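Predicted, not measured: the structure shown is a model, and the values here were computed from it. Below, chains carry the letters A, B, ... as their sequence lines are ordered, and counting in each starts from 1.
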Amino acid sequence: MTDASQTDASPAAPPAASVEPAAAAKPADALYLVDGSGFIFRAFHAIPPLTRSDGTPVNAVMGFTNMLMKLLADHHAEAVAVIFDSKRLTFRNDFYPDYKAHRPEPPEELKPQFGIIREAVEAFCVPSIELEGFEADDLIATYARLAREQGRPVTIVSSDKDLMQLVGDGVGMLDPMKNKTIGVEEVFEKFGVTPDKVVDVQALAGDPIDNVPGVPGIGVKTAAQLIGEYGDLEALLERAGEIKQPKRRQALIDNAELARVSKRLVKLDDHVEVPTPLEDLKVREPDHEKLLGFLRQQGFRSIITRVENEIRADGRLVDGASAPQPTASTGEAATGEAPALSPTANPRAQFDGKGSYELVQTAEALDRWIAAAYEAGTLAVDTETDSLTACSCKLVGISMAVEQGAACYIPVGHVGPDGAKAEGSLDLVPSDAPKQLPVDEVVAKLKPLLEDPTVLKIGHNLKFDIQVFGSHGIRLAPIDDTMLLSYVLETGLHGHGMDELAKLHCGYTPITYDQVTGTGKSRVTFDRVALDKATEYAAEDADVTLRLHHALKPRLVPERMITLYETIERPLIPVVADMEAEGILVDRAVLSDLSRDLGARLAELETEVHRLAGHPFNVGSPKQLGEVLFAEMGLAGGKKGKTGAYSTDSATLEPLAEQGHDIVQKVLDWRQLAKLKSTYTDSLQQQIDQKTGRVHTSFALAITGTGRLSSTDPNLQNIPIRTEEGRKIRRAFIAKPGHVLLSVDYSQIELRLVAEMAGIEALKLAFREGIDIHAMTASQVFGVPLDQMTGEIRRKAKAINFGIIYGISGFGLGRQLGISAGEANAFIKTYLERFSELAAFMDRTKEFCRRNGYVTTLFGRRCHIQGIAEKNPARRQFAERQAINAPIQGTAADIIKRAMIRIPPALADAGLKGRMLLQVHDELVLEVPEAEAAKTADLVRQTMEAAASLGVPLVAEAGTGHSWAEAH
DNA sequence: CATTTCACG
DNA sequence: GACGTACGTGAAATGA
C-alpha cells in the first residue's frame, strides 16, 4: 500500500488487504489519537439529556468519559492524546474565508460541557493538545506522520470522514461508539476509492456542512467513478474535455479552480509545528483521589463504582487485563448502569454496553458462573455456532448473562488461526490453539442448570438455541424469548431483531455479527474468531438480551398480552424447533428429472420466441421483453410505474395471449417453466441437508404483521400446486420408508372467521348446515336458486368472498373478475345489503384502529397498523384494508398455532409416532407410520377442529399418500 | 441493492 | 372527491 500522503496515479482498485492497527494484540508503542472535538458532538447527540445535581448538563461528558475509559481499558493504551480544535479561524480561512462559515453555534446545553470535558481528560492524566490556527485534524495528521516515521502503529479514535484520508500503512481508525474499526476496506466502502484518493473525491463532491464547494452536480458516487477512471484530480481536470456526459464535462471545466481550492481545504496539513513533542504523549498514572473527586462532582455513580473496583483489584487504574471479574454471587460488581443522575435522565438509555465481560476458560470460572446463575434464578443465554442453519451447525461457544453488565463467554469449539483444534485435555492443546474447556465438560456442567425448572432461561430467538442445545442432549426449559415478547407487544411497529430492539429500548448499538466475522469473501466462521473479540460480541448479546427482558416482560400484564404470549407464542417455540429439526424427505431424483425436462422445453420455447421476435434477446429480462413486445412489435399495452418500463406481468400478457398472439403465449409458458426450474427443481436440490438427507426449512416466528409464520431457506410454504405442471414438484416431497405423508387443512377458515367475527347470521347458519358457501352467497347476491347455480355465477361469488377477506374494493374485485369497477361495486353493494352485519363490522374495525392504532384477533393478538390516520387517501385506504384483513388472517393464525401446540402431546398420549413437519398457514403436514395413518388423521383433524370453539364449526380435511402431491 | 415477477395461503 | 387498489409472505433474476 502506498503512503497515504502521496497521490500517485495508480488506478483506484479495491484494497488488497486492509491494515488493522486497532486489532487485539498491539505493540506497546501504539499511538492513539482521539478526535476530541468530533467526539464531543457525537456524545452529545447520542446520549439523552442528563444533568448533575446543580443542573449542569453532562450527557456529553458522560459519553466522553465512558469512551475514554473504554479506550484505555480495552486497548491497554499507553500512548494517547486527546486533540481539540482551538479557535474557529484556521489557516484555511486565509484562502477561503467561507470555510466552515455556516457552522451553527453549538447548542446551549453543550457549551458548558467543553470545559468539563477538558477537566475529564486531565483527571485521567491523558495529554490534551490544541493549537491556534489549526484544526484538530491537522494535528492528528501530523502526529500520525511523526509516529509512522518511527514505525509505530497509529489508531485515530474518530469516525470523521475527513480523517479517512490518513488511513493505511499502519494508520487505522476506531469508531468507539459503534465499536467499529475503519481500515482501508471501510474507507473504500465509504468513498469508493483508496484512502490516498479520498481528498480528490472530497474535492469534487464537496461538503455542505464544512462549506467545501466541490463541483456542482457531482456527488461522492460520481466523484469516485471519475477518480477511478482518471487516476487523480489533476489528471481529471486536464482531461475533462474527454468526458462524454455534456453536463458533467461542462461542470468540471467551469469549476476546475473551485475543485482545486476544495482539495486544499480538505487536504490535511501533516507538517504542523506541534505544541507537544510526540514523546510526551503518554498516559500517566492518575491521582485516584483527584479522579474520583471529579467523577463525584459529575454524579457518575456507576463509573465511580467501576473505577473503585479497578483500583481495589490491583492498585492500578483502568487496566483491561485485570478488569474486575463480576463476582456475581454477591452481585456487587455487576451493577450495570444504574442511573445515578437527576430525573431528566432517561433510564432506558443508561446502558453504555460495556460491562467487563469474562472469557471463561477454566472449570473454576465456569462453576462460579453457574453458581451465580442459580443464585440469580434467571439467566440470559446465547449460543454461537459456525453457521446459521440450526440443524447442521457446530456449537462454538455459549454466552450467559446473570445480571445487567455481568456476562461471560464460554468458548468450546474455537479453532486456531491455522485451523488447529483445541479439544480434549488442556495439557494437550497445541500452543497456538485457543485455550478452552472441552465441549462435553461444559455441556455436562450446564445441563442441570439449563434444564432446572426453577431457573428461567432467557434468549433472543430461542428456537435456534433450543435446536443447538437439543443436539447436545439438553432440553432448555423454562424459557422466555425476548424476540417474541417484542413481537406480541409491538407487531407491526418495527422488526424484532436484537440489534433493532437494543437501539430502541437501550439506545445502544451492539457489535454486529458482521463486524466480528467480517463480510463478503473475507468472512470467517465464528469458530475462527479470536476469543477476545468473540467474548465481546457474544457476552454482549446475552447482556443485551437480559436488558431487553427487563424492559419488555413487565409490560405483558398491564398491556394484556401475557395470555397470548404464554398460551400461544412461547409454547410454540419448541414445537416449531422440532419441526425444523425433523425436516422433510425430498427425492432428489424426481427433482433432477424435472429439471432436465424443464431445461429442454425452455430451450425450445426460447428459440421459438426468438424466431417470432425476429432476433434473439433475453426472455427473462422484463425490460428487453417489454421493448420487443410493445415497441418493436407494436402490441397494445402501455408503460407504467415510475421507472417508465413496460409492464409485462401475466395480468398484462394474458389478454394478449388470448387475442392469439403466439409469441405472448410462448413467453408466458417460458416464464412459468423458468420459475419452476430456477426456484424449485434446481434450488431445492441444493437445500437437501448432507447429514440428514432431508430439507430443513426455517419458520420465522416474528416476521409477519398478522401472526402468521413465514418460511425461509427454503420457503416451503409456496411449493406450487395451482397448475398441473407445478404440482409435479410436490411428488418430490415424500415420506420415509414405511411411512406416509398426512396433510390436514382447514376448510375456508378465514371466511368462517368473517362470519363469526362480524356476526353474520346467514353465513353462520350456512356453515352450520354444511352448505356450499360460495353457491350460497351467489344465490343471495345474484338471486339465483341453488338448484340453478352455474359455475360462472359461483366463481363470481367466490371472488367476492375472497374480496371481503382482503378488505374489498370495487376496483380490485372488478380487475379480478374482468368486469368494470362500477359493476363490481354493484355486487359489493348487494352483498353488504344481504349480509348487513358485515358493513358494521368493517366500520367498527376501522374506527377501532383509528382510535387505538391497532386491531385485535379473537385471541387478543394486537396488530399495529401504520398509516390509518394518513391524509393521503391511497395510503389510508391501504391501512384500512390491512385493518380489516389482519383480525381475520391473524385469528386463523392463532387457531392453527393452538392446534400445533396440542398435536404433539395428543399424539404422544395416543401412543402414535407421527411427527409434524410443515405448516402452510391453514395446512399441517405430518409424516406418520403407514399403519397409524388413519388413526393419526382422525386425531389431527379433531385437534385442529377443536382448536377454537366458535359459533361456526371449524372443519379440517385430511389426506394421505406417499408424496405431498397425493396427500393434499 | 432495488425492481420485477411469480410461487403459496 | 381525493388516490391508486384487493391481504399476507419469500426467492430468483436482471440491471443500474
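Using a 4.0 Å heavy-atom cutoff across all strands shown, A:Ala799 reaches at least one base atom of the nucleic acid. Using a 4.0 Å heavy-atom distance criterion, A:Gly810 is classed as making no nucleic acid contact. Looking at heavy-atom distances under 4.0 Å, A:Ile808 makes contact with a base. A:Leu813 comes within contact range of at least one nucleobase, with a heavy-atom separation under 4.0 Å. At a threshold of 4.0 angstrom between heavy atoms, the contacts of A:Gly620 are confined to the sugar-phosphate backbone, with no base atom among them. The residue A:Asn715 sits close only to the backbone: its heavy atoms come under 4.0 Å of sugar-phosphate atoms, none of a base. Across all strands shown, A:Gln624 has heavy atoms under 4.0 Å from sugar-phosphate atoms exclusively, and none from any base. Backbone-only contact: A:Asp713 has heavy atoms under 4.0 Å from sugar-phosphate atoms and none from a base. A:Leu709 comes within 4.0 angstrom of no nucleic acid atom, judged by non-hydrogen atoms across all strands.
C:dT5 sits 14 Å from B:dT5 when the P atoms are compared, rounded to a whole Å. Rounded to the nearest Å, the gap between the P atom of C:dG4 and that of B:dC8 is 30 Å. With P as the reference atom, B:dT4 and C:dA6 are 14 Å apart, rounded to whole Å.
Remark: of the listed residues A:Lys623, A:Gln624, A:Arg671, A:Arg671 is the sole one forming a side-chain hydrogen bond (donor to acceptor under 3.5 Å, both in side chains) with A:Thr648. For the pairing with A:Leu709, the side-chain contact (heavy atoms from CB on, under 4.5 Å) check across A:Leu572, A:Ile703, A:Thr704 returns one residue only, A:Leu572.
Here the C1' atom of nucleotide B:dC8 and the CG atom of A:Leu684 are 14 Å apart, to the nearest Å. Protein atom CG of A:Asp682 is 11 Å distant from nucleotide atom C1' of C:dA12, rounded to whole Å. A:Tyr646 places its OH atom 14 Å from the P atom of B:dT5, with the value rounded to the nearest Å. One atom, CG of A:Leu625, and another, C1' of C:dA13, lie 14 Å apart when rounded to the nearest Å. In this entry the distance linking NZ of A:Lys675 with P of B:dC8 reads 9 Å, nearest Å. The separation between A:Ile729 atom CD1 and C:dA11 atom P is 16 Å, rounded to whole Å. One interatomic measurement links the two molecules: CG of A:Leu676 to P of C:dA13, which rounds to 13 Å at whole-angstrom precision. Between the CG atom of A:Leu701 and the P atom of C:dG10 there is a distance of 12 Å, given to the nearest Å.
Contacts between residues 868-878 of chain A and DNA chain C, defined by a heavy-atom separation under 4.0 Å, are made by A:Pro873, A:Ala874, A:Arg876, A:Gln877, A:Phe878.
Taking only side-chain atoms of A:His921, from C-beta outward, the nucleotide of C:dT5, B:dG9, C:dG10 with the closest atom is B:dG9. Checking B:dG9, C:dA13, B:dC6 against the side-chain heavy atoms of A:Arg671 singles out B:dC6 as nearest. Residue A:Ile703 places its side chain closer to C:dG10 than to any other of C:dG8, B:dA7, C:dG10. Looking at the side chain of A:Asp649, the nearest of the listed nucleotides C:dT5, B:dC6, B:dG9 is B:dC6. The side chain of A:Ser710 lies closest to C:dT9, out of C:dT9, B:dC8, C:dA6.
Using bins of under 30°, 30° to 60° and over 60° for the plane-to-plane angle, the ring pair A:Trp964/A:Phe733 lands in the perpendicular bin. The aromatic rings of A:Tyr854 and A:Phe848 sit perpendicular to each other, their planes meeting at more than 60°, with 30° as the lower class boundary.
Taking side-chain N and O atoms only, A:Lys623 has a distance below 4.0 Å to OP1 or OP2 of C:dA16. Remark: A:Asn618 is in phosphate contact with C:dT14, judged by side-chain N or O atoms under 4.0 Å from OP1 or OP2. Between A:Thr679 and the phosphate of C:dA11, there is no side-chain N or O to OP1/OP2 separation shorter than 4.0 Å. Here A:Arg881 reaches the OP1 or OP2 of C:dC7: one of its side-chain N or O atoms lies under 4.0 Å away. Between A:Ser711 and C:dT9 there is no side-chain N or O to OP1 or OP2 distance below 4.0 Å. Between A:Gln882 and C:dA6, a side-chain N or O to OP1/OP2 separation shorter than 4.0 Å is absent. In terms of phosphate contacts, A:Arg815 brings a side-chain nitrogen or oxygen within less than 4.0 Å of OP1 or OP2 of C:dA6.
Using a 4.0 Å cut-off between charged side-chain N and carboxylate O, A:Arg708 and A:Glu750 make a salt bridge. A salt bridge links A:Asp593 with A:Arg596: the distance from a Lys NZ or Arg NE/NH1/NH2 to an Asp or Glu carboxylate oxygen falls below 4.0 Å. Ion pairing of A:Arg752 with A:Glu756 is absent here, as no side-chain N (NZ or NE/NH1/NH2) approaches a carboxylate O to less than 4.0 Å. Residues A:Arg850 and A:Glu847 are paired through a salt bridge, judged by an N-O separation under 4.0 Å between the basic side chain and the carboxylate.
Taking 3.5 Å as the limit, the base of B:dG9 and the side chain of A:Arg722 contain a donor-acceptor pair of atoms between them. Scanning atom types as modelled, one donor and one acceptor separated by under 3.5 angstrom connect the side chain of A:Ser809 and the base of C:dT5.
In this structure, the side chain of A:Gln687 does not engage the main chain of A:Val695 through any donor-acceptor pair within 3.5 Å.
For the pair A:Lys796/A:Val781, no side-chain contact is recorded, criterion being any heavy-atom separation below 4.5 Å from C-beta on.
Under the Watson-Crick or G-U wobble criterion, with both distances below 3.5 Å, C:dC3 has no partner in any strand shown. Nucleotide B:dC1 is matched to C:dG15 when pairs are restricted to Watson-Crick or G-U wobble geometry with both distances under 3.5 angstrom.
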